[in-house]
K.L.:
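This is the structure I want to talk about, given as C-alpha cells.
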Amino acid sequence: MKKIIILGLIVITSMMMAACGGKEKSKEEDKEAAKQSEEEVPAVQETDLADAGENGGSEAENSGIDGVSTLCTDDKSIRITVNRPEGFEDSEFSSEHQVAFQKMGEGGGSTQMSLHLTTNDENSVMATAKQEVEYIFSANSDGTGVVKDVESQAVGNRQWSYFTYSLDDTEGLRSWTSLSNGCVVSCMVENIGTGLESLNVESMLQILDGAIQE
C-alpha cells in the first residue's frame, strides 16, 4: 500500500514538474520571440529611413558642397547649378538671384564675375547690359570710354552673345546665352584696377560656359 502511495506521489510530482517545465519553456520561447521582434523592427526602420533619404533628398543635394551654388530666377520658379571657376573665390555679393566670384590680382586689382538667371529674352538682356554700361560711363568724371559692337561665339553646345568695353582702370565683358529650360543667363566680368591680365574673351566664355550646369 505504501508502495502504491509512493508511486502515486512520484507520478503526480513528475506531472507537476513537467507542467512547470512546459510553462518555463513557453516563457523562454516568448522572451526569445519578443527579443527577435525588437531586433527586427529597428532594422526595418533604418532601411526605410535610408530609402527615404535617397528618394527625398534631391532638393538639398547641393547644400553645403564647397564651390557649388544654386542660381534661381527672380520668381524662384527655375533653378540651375553654378560651379565656382578655378582660381576664383566666392564673393560677398552672392545671393540666390546672383552668383558672384572674384579673383585678386598681384597689383591690388581684382577680376569680378557675376551671373544672373532671367526669364527675359536675349534682346531684353542685351538692352539691360548696355544701359548698365552707359550708366557706368556717365558716372565717370571724364566720360571717356570704349564700347565695342555685339558679337557671338559658339562654346560647346551654347551660342554666346557678348560685347566688351573699357573705361580708365576698368575693362569689362558682358555676355549672355539661352539655356534649354528657356531662361537666359547673363554674365558680367570686369577687371578693376591695375596689375591684371587683359580679359581674353574666348577663354572667359569657356570659363562661364563650364560653370553653368543645367
K.L.:
Tell me whether Val155 is reachable from Leu117 by hopping between hydrophobic residues (I, L, V, M, F, W, Y) whose side-chain heavy atoms are closer than 4.5 Å.
P.N.:
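The answer is yes; both residues are in one hydrophobic cluster.
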K.L.:
Taking the side chain from Ser124 and the backbone from Asn120, do they hold a donor-acceptor pair closer than 3.5 Å?
P.N.:
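No, because the side chain of Ser124 does not come within donor-acceptor range (under 3.5 Å) of the backbone of Asn120.
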K.L.:
Rounded to the nearest 0.5 Å, how far apart are OG of Ser161 and CD of Gln159?
P.N.:
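CD of Gln159 is found 6.5 Å from OG of Ser161.
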K.L.:
Within a 6.0 Å radius of atom CG on Asp75, are there more than 12 heavy atoms belonging to other residues, nucleotides or ligands?
P.N.:
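Buried by this count: over 12 neighbours within 6.0 Å.
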K.L.:
Nearest 0.5 Å please: distance from the OG1 atom of Thr128 over to the NZ atom of Lys130.
P.N.:
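Thr128 atom OG1 to Lys130 atom NZ measures 11.5 Å (nearest 0.5 Å).
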K.L.:
Which atoms form the tightest heavy-atom contact between Leu205 and Ser175, and what is the distance?
P.N.:
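Taking Leu205 first and Ser175 second, the nearest heavy atoms are CD2-CB, 3.8 Å.
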K.L.:
Given side chain to side chain contact (heavy atoms under 4.5 Å, CB included), test His116 with Asp74 step by step and report yes or no.
P.N.:
CA-CA 9 Å; His116 180 75; Asp74 291 338; 3.4 Å; yes
K.L.:
If you measure from CD1 on Ile78 to SG on Cys72, what distance do you get to the nearest 0.5 Å?
P.N.:
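Those atoms lie 10.5 Å apart.
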K.L.:
Do any N or O atoms from the side chain of Gln213 and from the backbone of Gly210 form a donor-acceptor pair under 3.5 angstrom?
P.N.:
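It does hold such a pair.
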K.L.:
Heavy atoms, side chains only, cut-off 4.5 Å: are Leu71 and Leu115 in contact?
P.N.:
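The answer is yes, as the side chains (C-beta and beyond) meet within the 4.5 Å cut-off.
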K.L.:
What side-chain donor-acceptor pairs closer than 3.5 Å can you find for residues 178-195, not counting sequence neighbours?
P.N.:
{"residue": "Ser178", "atom": "OG", "partner": "Glu122", "partner atom": "OE2", "Å": "2.5"}
{"residue": "Ser180", "atom": "OG", "partner": "Glu214", "partner atom": "OE1", "Å": "2.5"}
{"residue": "Asn181", "atom": "OD1", "partner": "Cys183", "partner atom": "N", "Å": "2.9"}
{"residue": "Glu190", "atom": "OE2", "partner": "Tyr165", "partner atom": "OH", "Å": "2.5"}
{"residue": "Asn191", "atom": "OD1", "partner": "Thr111", "partner atom": "OG1", "Å": "2.7"}
{"residue": "Asn191", "atom": "ND2", "partner": "Glu171", "partner atom": "OE1", "Å": "3.4"}
{"residue": "Asn191", "atom": "ND2", "partner": "Glu197", "partner atom": "O", "Å": "2.7"}

K.L.:
Give a yes or no answer on whether the side chain of Asn200 reaches the backbone of Glu202 with a donor-acceptor pair at less than 3.5 Å.
P.N.:
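Between the backbone of Glu202 and the side chain of Asn200 there is a qualifying donor-acceptor contact (under 3.5 Å).
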K.L.:
Residues in side chain to side chain donor-acceptor pair (under 3.5 Å) with Glu96, at least two apart?
P.N.:
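By the side chain to side chain donor-acceptor pair (under 3.5 Å) rule, Glu96 matches Lys76.
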K.L.:
Should Val125 and Trp160 be regarded as members of a common hydrophobic cluster, given that ILVMFWY residues are connected when their side-chain heavy atoms come within less than 4.5 Å of each other, either directly or indirectly?
P.N.:
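Val125 does not cluster with Trp160.
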K.L.:
Within a strict 4.5 Å, meaning less than it, do heavy atoms of the Leu173 and Phe163 side chains meet?
P.N.:
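Not touching, per the 4.5 Å side-chain cut-off.
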K.L.:
Are Trp176 and Val150 close enough that some pair of their side-chain heavy atoms sits under 4.5 Å apart?
P.N.:
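Side-chain contact under 4.5 Å: yes.
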K.L.:
With rounding to the nearest 0.5 Å, note down the distance linking CD in Glu134 to CZ in Phe137.
P.N.:
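So the gap between those two atoms works out to 9.0 Å.
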K.L.:
I'd like to know whether Arg174 forms a side chain to side chain contact (heavy atoms under 4.5 Å, CB included) with Tyr162, so could you lay out the CA-CA distance, the side-chain angles of the two residues, the decisive distance to 0.1 Å, and finally the verdict.
P.N.:
CA-CA 5 Å; Arg174 297 297 177 106; Tyr162 68 92; over 6 Å; no
K.L.:
Could you pull out every donor-acceptor pair under 3.5 Å between side chains of residues 97-109 and any protein atom, sequence neighbours left out?
P.N.:
{"residue": "His97", "atom": "ND1", "partner": "Thr73", "partner atom": "O", "Å": "3.2"}
{"residue": "Gln102", "atom": "OE1", "partner": "Gln112", "partner atom": "NE2", "Å": "3.4"}

K.L.:
Is Glu89 salt-bridged to Arg84, cutoff N-O under 4.0 Å?
P.N.:
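No salt bridge links Glu89 with Arg84.
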K.L.:
Is there a chain of hydrophobic side chains (I, L, V, M, F, W, Y, each step under 4.5 Å between heavy atoms) that links Phe88 to Leu199?
P.N.:
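Linked, Phe88 and Leu199 end up in one cluster.
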K.L.:
Going through the distances and angles, do Thr81 and Ser69 end up as a side chain to side chain contact (heavy atoms under 4.5 Å, CB included)?
P.N.:
CA-CA 6 Å; Thr81 298; Ser69 302; over 6 Å; no
K.L.:
With the side chain counted from C-beta on, respond yes when Ile207 and Met113 share a heavy-atom pair under 4.5 Å apart, and no when they do not.
P.N.:
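When only atoms from C-beta onward are counted, Met113 and Ile207 do touch, with a gap below 4.5 Å.
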K.L.:
Please round to the nearest 0.5 Å and tell me the distance separating atom CD1 of Ile65 and atom CG of Asn83.
P.N.:
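Between atom CD1 of Ile65 and atom CG of Asn83 there are 9.5 Å.
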K.L.:
Within a strict 4.5 Å, meaning less than it, do heavy atoms of the Asp209 and Thr177 side chains meet?
P.N.:
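Result no, sub-4.5 Å side-chain heavy-atom pair not found.
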